Chemist: 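Right, I'll just put the structure down here and ask away after.
Every chain is numbered from 1, with letters handed out A, B, ... down the list of sequences. What you are looking at is a predicted structure, and each value in this text was computed from that prediction instead of being measured.
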Amino acid sequence: MFILRFVVAPIIAILGAIFVGLIIMGIDRILAARMQSRVGPPLRQPFWDVKKLMIKENIIPENAISWLFNAAPVICLAVVSTILLYLPLAGFSPILAAHGDLIVVVYLLILPALAKVIGGFASGSPFASVGAQREMVMMMSYEFPLAIIAVSVAWLLSKVHPSLDAFSLQAIATHPVWGLVKGPLGIVGLILLLVSLLVVTPGELSVIPFDLPDAPTEIVGGVLAEYSGRNYALFYLASAVKLVVLPSLLIAIFFPYGISGLFNVGAAAAGVIDVVFFLVKLFVILFFSVTCVHVLAARLKIDQLVNTYFMAMTAVSLVGLVLIVLDAAI
Amino acid sequence: MPSEKAIKMNRIIKAIWVFNWFNSCGFTELIPVVGSRWDMERFGMIITPTPRHADVLFIAGYQTWKSLERAKRVYEQMAEPRVVLGLGACTMSGGMYWDSYNTVKRLSDYLPVTMYIPGCPPRPEAVFEACVKIFQHVKELK
Ligand code: SF4
């Protein structure tokens, strides 16, 4: 039982997330191409990219700090995979449910960005340093709305069900937030929180318009400018897993519903239905908050980005929190 | 049983990442390669922002003595296996700048050009054909 839970399940979850992430990346590239009236790459293109990067030469620049430079991609992939184990995926309870909750997830979400910052500074290139500084600024600005969302949801849960562990993601997922609020005020508050989480998602994934740390056309790839070969492939895989992690967090908080209850089937078939439905939800969220946005928008400047997150999104999520508190008080 | 080298090259053919070194009129016919009519992404080719990620270096048109130094530096920064494609008549023979005092006449005297694409400038179809052939070519060479 121990081996099944702490060895087999994590391996399946991580490999599955890498696979799903790369597939989603391929779908995203095809859809973006279709929106620009191009044909787009084949669905398997991200797999080919990774396979190719694995055989390329792994260059370590002369004036880089080599052990940090090599450690950063490994840390990035490892941390992103670890977050995955704290999230309830497709109706299953989190693998490490007993060892961490929403607060741990919010903290761990900082670390992939931090790994990129370390890698950028360690590569000793001016472009990478600029990218790393931008990554840091961005990390600080989207962290605040994220923390407000986490606190609001936990407060709501603790208010309605005082006996539960309010920060546990499993408890949040089994008691959908939409059922906890009383009236329209609370619903509006939750929608505001959802909007700010949807805006934080592309920032965490650093896609256009929030791709300032890697901005290919101005700072030539930013933090990734000096990475090649295997190290770059690890960053590529980490960004694929991130594509699964962030929507999963959103799903766990706001849309934890399964549809297997509607069908009269056995446990195994119900599991399959839930997994498929989970993937559909994941895809819909990414389509609206990533694919559409990065086709339509241009890159923001760093001050516009900080204003978006630190001012606008913080205000939106704070109003959401206030509305939820008012709703509970009335 | 294909050699290890051949297997490697086959992997690269499916995901060619290109770094552009364009500083002359040879660029004009290559902008449509990225756009919606020819769309190089459908063959897995994308343009990389930095030479570190690139497999192929496109050198379009004539090089001056000054830009040649930079082109060499870009080539040195690329990760193995790497190839150089010379585009246009100017890289082969100097083209219409054949009697100019400050342009490079034959690029392969200075950089290991694997393949030339003739034309002034070459059509996008020719560029795609070259990209299909180039790693096959490298496979045969080694
Ligand atoms: S080959 Fe023709 S298009 Fe290309 S750089 Fe020379 S003159 Fe310009």
Side-chain angles (χ1 to χ4, degrees), chain A residues 22 25-26 28-62 64 69 123 125-128 131 211 213-233 235-236, chain B residues 2-22 31-57 70 73-83 124-125 128 131-132 134-135 138-139 142:
Chain A
L22 288 175
M25 237 180 201
D28 170 72
R29 275 169 75 173
I30 293 176
L31 287 177
R34 294 290 154 90
M35 288 182 208
Q36 297 166 342
S37 84
R38 293 187 287 123
V39 176
L43 189 59
R44 281 157 67 198
Q45 192 59 49
F47 292 89
W48 285 334
D49 286 352
V50 172
K51 270 167 80 180
K52 184 209 77 175
L53 283 170
M54 283 297 187
I55 59 160
K56 292 280 286 183
E57 185 191 1
N58 194 2
I59 296 178
I60 297 161
E62 202 180 27
F69 184 80
S123 53
S125 136
F127 293 120
D211 71 335
D214 340 290
T217 41
E218 35 177 317
I219 49 168
V220 300
V223 279
L224 304 175
E226 293 293 332
Y227 279 98
S228 59
R230 186 177 47 83
N231 281 344
Y232 186 54
F235 272 127
Y236 198 105
Chain B
S3 69
E4 199 187 333
K5 181 99 192 172
I7 295 170
K8 273 189 173 184
M9 290 301 158
N10 279 338
R11 281 200 202 171
I12 294 184
I13 290 167
K14 289 192 172 138
I16 296 177
W17 290 9
V18 175
F19 187 79
N20 289 330
W21 182 251
F22 290 167
I31 299 169
V33 173
V34 191
S36 58
R37 185 157 182 127
W38 273 282
D39 184 23
M40 68 198 263
E41 204 184 353
R42 71 199 148 117
F43 302 121
M45 293 161 64
I46 53 173
I47 292 184
T48 59
T50 149
R52 292 264 191 244
H53 303 171
D55 310 305
V56 177
L57 175 62
R70 277 75 187 173
R73 179 118 189 250
V74 166
Y75 176 72
E76 280 157 12
Q77 287 179 352
M78 288 166 66
E80 289 283 354
R82 56 191 168 178
V83 294
E125 294 93 329
F128 287 139
C131 284
V132 173
I134 185 160
F135 283 100
V138 171
K139 214 158 55 182
K142 302 274 161 79

Chemist: Is it the backbone or the side chain of B:Ile47 that comes under 4.5 Å from a heavy atom of chain A, or both, or neither?
Modeler: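 Interface part for B:Ile47: neither.
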Chemist: Could you label the plane-to-plane angle of the A:Tyr232 and B:His53 rings as parallel, tilted or perpendicular, counting under 30° as parallel and over 60° as perpendicular?
Modeler: parallel
Chemist: Quick one: what part of B:Trp17 sits under 4.5 Å from any heavy atom of chain A, side chain, backbone, both or neither?
Modeler: both
Chemist: Answer with side chain, backbone, both or neither: which region of A:Ile219 has an atom nearer than 4.5 Å to a non-hydrogen atom of chain B?
Modeler: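 The answer is neither part of A:Ile219.
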Chemist: Please determine which of A:Val220, A:Leu224, A:Ile59 meets the side-chain contact (heavy atoms from CB on, under 4.5 Å) test together with B:Arg52.
Modeler: A:Ile59
Chemist: Apply ring pair (Phe, Tyr, Trp, His ring centres under 6.0 Å) to B:Phe19 and list each qualifying residue two or more places apart in sequence or on a separate chain.
Modeler: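 Expected list: none.
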Chemist: Below 4.5 Å from any heavy atom of chain B, which atoms of A:Glu226 appear? Answer side chain, backbone, both or neither.
Modeler: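 Contact with chain B involves both backbone and side-chain atoms of A:Glu226.
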Chemist: Once the angle between the rings of A:Tyr227 and A:Phe69 is folded into 0 to 90°, is it parallel (under 30°), tilted (30 to 60°) or perpendicular (over 60°)?
Modeler: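 The rings of A:Tyr227 and A:Phe69 lie parallel, inter-plane angle below 30°.
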Chemist: Between chain A and each of B:Gly35, B:Pro49, B:Ala54, count heavy-atom pairs under 4.5 Å; write down the option with the most.
Modeler: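 Heavy-atom pairs under 4.5 Å are most numerous for B:Pro49.
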Chemist: Check whether B:Met40 gets within reach of chain A through its side chain, its backbone, both or neither, counting any heavy atom under 4.5 Å.
Modeler: neither
Chemist: Using a 4.5 angstrom heavy-atom cutoff, name the option from A:Ser228, A:Gly40, A:Ala33 with the most pairs to chain B.
Modeler: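 Greatest number of close heavy-atom pairs with chain B: A:Gly40.
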Chemist: Is a donor on one side and an acceptor on the other found under 3.5 Å between the side chain of B:Arg82 and the backbone of B:Tyr75?
Modeler: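 Here the side-chain-to-backbone pair exists.
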Chemist: Based on non-hydrogen pairs under 4.5 Å, which of A:Arg29, A:Arg38, A:Lys51 is most in contact with chain B?
Modeler: A:Arg38
Chemist: Looking only at non-hydrogen atoms, find the nearest pair between A:Pro46 and A:Tyr236 and report the distance.
Modeler: CA-OH, 3.7 Å
